[in-house]
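Quick caveat: nothing in here was measured; it's all calculated off a predicted structure. Each ligand, and each atom within it, is numbered from 1 in the order the structure gives.
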Amino acid sequence: MFWNKSVETMGPAELASHQLKKLKETVQQVQKIPFYRARFEEAGLRPEAIQSLDDLQKIPFTKKQDLRGGYPFGFLAVPLSKVVRIHATSGTTGKPTVVGYTRNDLETWSDLIARNLTMIGLGEGDVFQNSVNYGLFTGGLGLHAGAEKAGLTVVPAGTGNTRRQIEMIRDFGVTAIHCTPGYALHIAEVAEEMGVTLDSLKTGIFGAESWSETMRRELEDRLELSAYDSYGMSELFGPGVAFECPEKDGLHIWHDSYLVEIIDPKTGEVLGPEERGEMVVTPLVKEAMPLLRYRTGDITMLMEDGCVCGRMKKIARITGRSDDMLIIRGINVFPSQIEDVLLGLPEVGDQFMVYVDRKNHLDEMTIEVEMSREYFSGELQDLARIQKRVMGVLKDTLELRTTVRLVEPGSLPRFEGKTKRVIDRRGDLI
Ligand code: ADP
Ligand code: ZN
């Protein structure tokens, strides 16, 4: 099923000419923002110099730091009176960035989300529970509007009170849910504690943080649903930027609305398909807050092959954000790698917390891991054996020695929004 078949299946030539037209418009639109006027001037670049898609590479990147410099409204290309809504980033990596939307922007955004929901077979007849924060976070009102547009019956559940969330799913016959993968796991956990099943639930839309294939299997098994990856970021409207189709092999990104480049994060060099790097996006449809070559910090690649569903080319699952990456004694570690290891070990649960310290000038990583209920009541010597085993598997995968501390099931914090897995205390000493 398609929401807008002719656009979603646009061929390469038509797509390129559409992108160029929109790129030229965007280059004009950003001239209303003092930051970009100054940028173009510094680079000795006139807006008219952008005459082909390749000319995009003449334009300097825009970084999160630049947006922070314009806090709160410095990046608006329209007067505030034309902005009908604002949202903000979650502030995962620092001061939040404020984003604005015109009335047109809200229509464009909800249309993109409607494409995604239709792509996975959702529409009229579905009852959709949106279990994310409804405040400044884009996933609340954003997905809500897209789901209404696609004809779903929306339950604006927000976050919190997990038992009540479970009751709502059961009472309203909810067929699809949207939340972070971490919170979905918590819902599964509480439902198990309550001794209830969520029979009506068929579809899970999980996003806002990176999650692995192992996590997908875990969620699909425990919640008995089909789990889809949803990617977005506030600066690019919010959710709806890229989304899995039923193939579940990469995410369709809407190239008519987002011009995608993958670069080497160190050198800025543009990489080819199937080469992993940082995704840089030039949104082509934003009115209130247009951006050029925005460095997302997210690591992925453009996939070469088309998809059986006929839609535009995909990007691979985001393996992490460059900011998430820990450098421990010179070795790169993503929290998602740790999660993947733990999910594969029956002795431990799926909750963990990483502490990084610097002792005698050396980085030390300690991981608190919840045991699985099944193994928790075991003998002490069993605990020592399990601890050793977890440390061994982590060492093999990460190529790094870590200390593992086993903790009681249910004792680590659960998160309704983005999961916080790392407490880096190295900076505290300086
Ligand atoms: P913040 O950048 O403060 O977290 P946002 O709420 O705008 O604010 O979050 C956007 C970021 O969330 C993305 O840049 C990306 O790192 C992460 N993210 C969103 N969806 C996914 C996903 N499906 N997989 C991996 N990471 C994701
Ligand atoms: Zn597809």
Side-chain angles (χ1 to χ4, degrees), residues 1-2 5 8-9 63-65 67-68 71 86-99 109 113 115-116 118-121 132-133 135-143 178-182 184 204-213 215-216 219 227-255 258 265 278-281 283 289 291 294-300 303 305-325 334-336 339 415 417-421:
M1 257 202 308
F2 289 87
K5 189 168 184 185
E8 291 172 45
T9 59
K63 298 193 175 135
K64 206 167 188 85
Q65 207 50 40
L67 298 190
R68 289 197 177 123
Y71 180 86
I86 64 166
H87 278 291
T89 63
S90 312
T92 311
T93 59
K95 193 174 171 141
T97 298
V98 177
V99 291
W109 182 21
I113 293 171
R115 283 189 200 175
N116 295 321
T118 317
M119 177 163 77
I120 59 169
V132 298
N133 180 315
L136 285 165
F137 178 59
T138 51
L141 288 169
L143 230 94
H178 171 228
C179 60
T180 60
I205 299 167
F206 304 126
E209 59 192 22
S210 59
W211 52 300
S212 61
E213 274 310 308
M215 179 75 147
R216 187 203 310 271
L219 288 169
Y228 294 93
D229 192 5
S230 157
Y231 169 83
M233 81 187 300
S234 313
E235 296 90 323
L236 309 179
F237 281 152
V241 178
F243 213 91
E244 280 178 336
C245 72
E247 284 297 297
K248 296 186 187 171
D249 174 26
L251 290 82
H252 287 288
I253 187 157
W254 303 115
H255 298 280
Y258 301 101
E278 178 179 345
M279 182 163 70
V280 171
V281 180
M289 210 178 129
L291 292 166
Y294 187 63
R295 290 189 61 157
T296 63
D298 294 323
I299 309 296
T300 179
M303 292 168 70
D305 294 335
C307 184
V308 289
C309 79
R311 290 179 177 83
M312 298 173 181
K313 290 216 165 152
K314 299 187 279 199
I315 54 170
R317 286 185 98 159
I318 310 284
T319 39
R321 54 205 284 169
S322 45
D323 308 329
D324 266 355
M325 193 179 75
F334 281 103
S336 53
E339 177 180 276
F415 299 89
K418 289 181 193 258
T419 311
K420 188 167 169 51
R421 293 277 191 217

Is Ala208 close to ligand 1, meaning an N/O of one under 3.5 Å from an N/O of the other?
-> yes
Pairwise distance CE(Met215) to CG(Asp229) - rounded to 0.5 angstrom | 11.0 Å
With atoms numbered from 1 as shown, which atoms in ligand 1 lie under 4.0 angstrom from a non-hydrogen atom of Lys418?
-> 4 (O), 5 (P), 6 (O), 9 (O), 10 (C), 11 (C), 12 (O)
Answer side chain, backbone, both or neither: which part of Asp229 comes under 4.0 Å from ligand 1, heavy atoms only.
-> side chain
Separation between CG (Leu141) and NE2 (His87), nearest 0.5 Å, reads 5.0 Å
Hey, which atoms in ligand 1 end up nearer than 4.0 Å to a heavy atom of Lys64?
-> 2 (O)
Taking atom types as modelled and ignoring hydrogens, do the side chains of Asn116 and Tyr228 form a donor-acceptor contact shorter than 3.5 angstrom?
-> no
What lies under 2.8 Å from the Zn ion (ligand 2), restricted to protein N/O/S atoms, is Cys245 SG, His252 NE2, Cys307 SG, Cys309 SG
With only distance considered, is Asp298 within less than 3.5 Å of ligand 1 through an N or O on each side?
-> yes
Should Glu244 and Arg216 count as an ion pair when the cut-off is N to O under 4.0 Å?
-> yes
Over-ring placement of Arg317 relative to Trp211, 6.0 Å and 45° cut-offs = yes
Strictly under 4.0 Å, does any heavy atom of Arg317 approach an atom of ligand 1?
-> no
About how many Å separate OH of Tyr294 and CG of Leu236, when rounded to the nearest 0.5 Å?
-> 8.0 Å
Which pair of non-hydrogen atoms, one from Phe237 and one from Thr138, has the smallest distance, and what is that distance?
-> O-CG2, 3.4 Å
Atoms of ligand 1 close to Ser234 [distance to a heavy atom under 4.0 angstrom, numbered from 1] = 5 (P), 6 (O), 7 (O)
Give, for atom CD of Glu339 and atom OG of Ser210, the distance between the pair rounded to the nearest 0.5 Å.
-> 7.5 Å
Closest to atom 24 (N) of ligand 1 (heavy atoms only, candidates Met233, Met279, Glu209, His87) is Glu209
In terms of atom number and element, which parts of ligand 1 are under 4.0 angstrom from non-hydrogen atoms of Gly232?
-> 10 (C), 13 (C), 19 (C), 20 (N)
Can you name the one residue among Thr300, Leu251, Thr296 that meets side chain to side chain contact (heavy atoms under 4.5 Å, CB included) with Ile318?
-> Thr300
Distance under 6.0 Å and angle within 45° of the ring axis: does Arg311 meet both against Phe2?
-> yes
What are the atoms of ligand 1, with element, lying closer than 4.0 Å to any heavy atom of Ser210?
-> 24 (N), 25 (C), 26 (N)
Does ligand 1 have a heavy atom under 4.0 Å from the side chain of Ser230, from its backbone, from both, or from neither?
-> backbone
Lys5/Glu8 salt bridge by N-O under 4.0 Å criterion | no
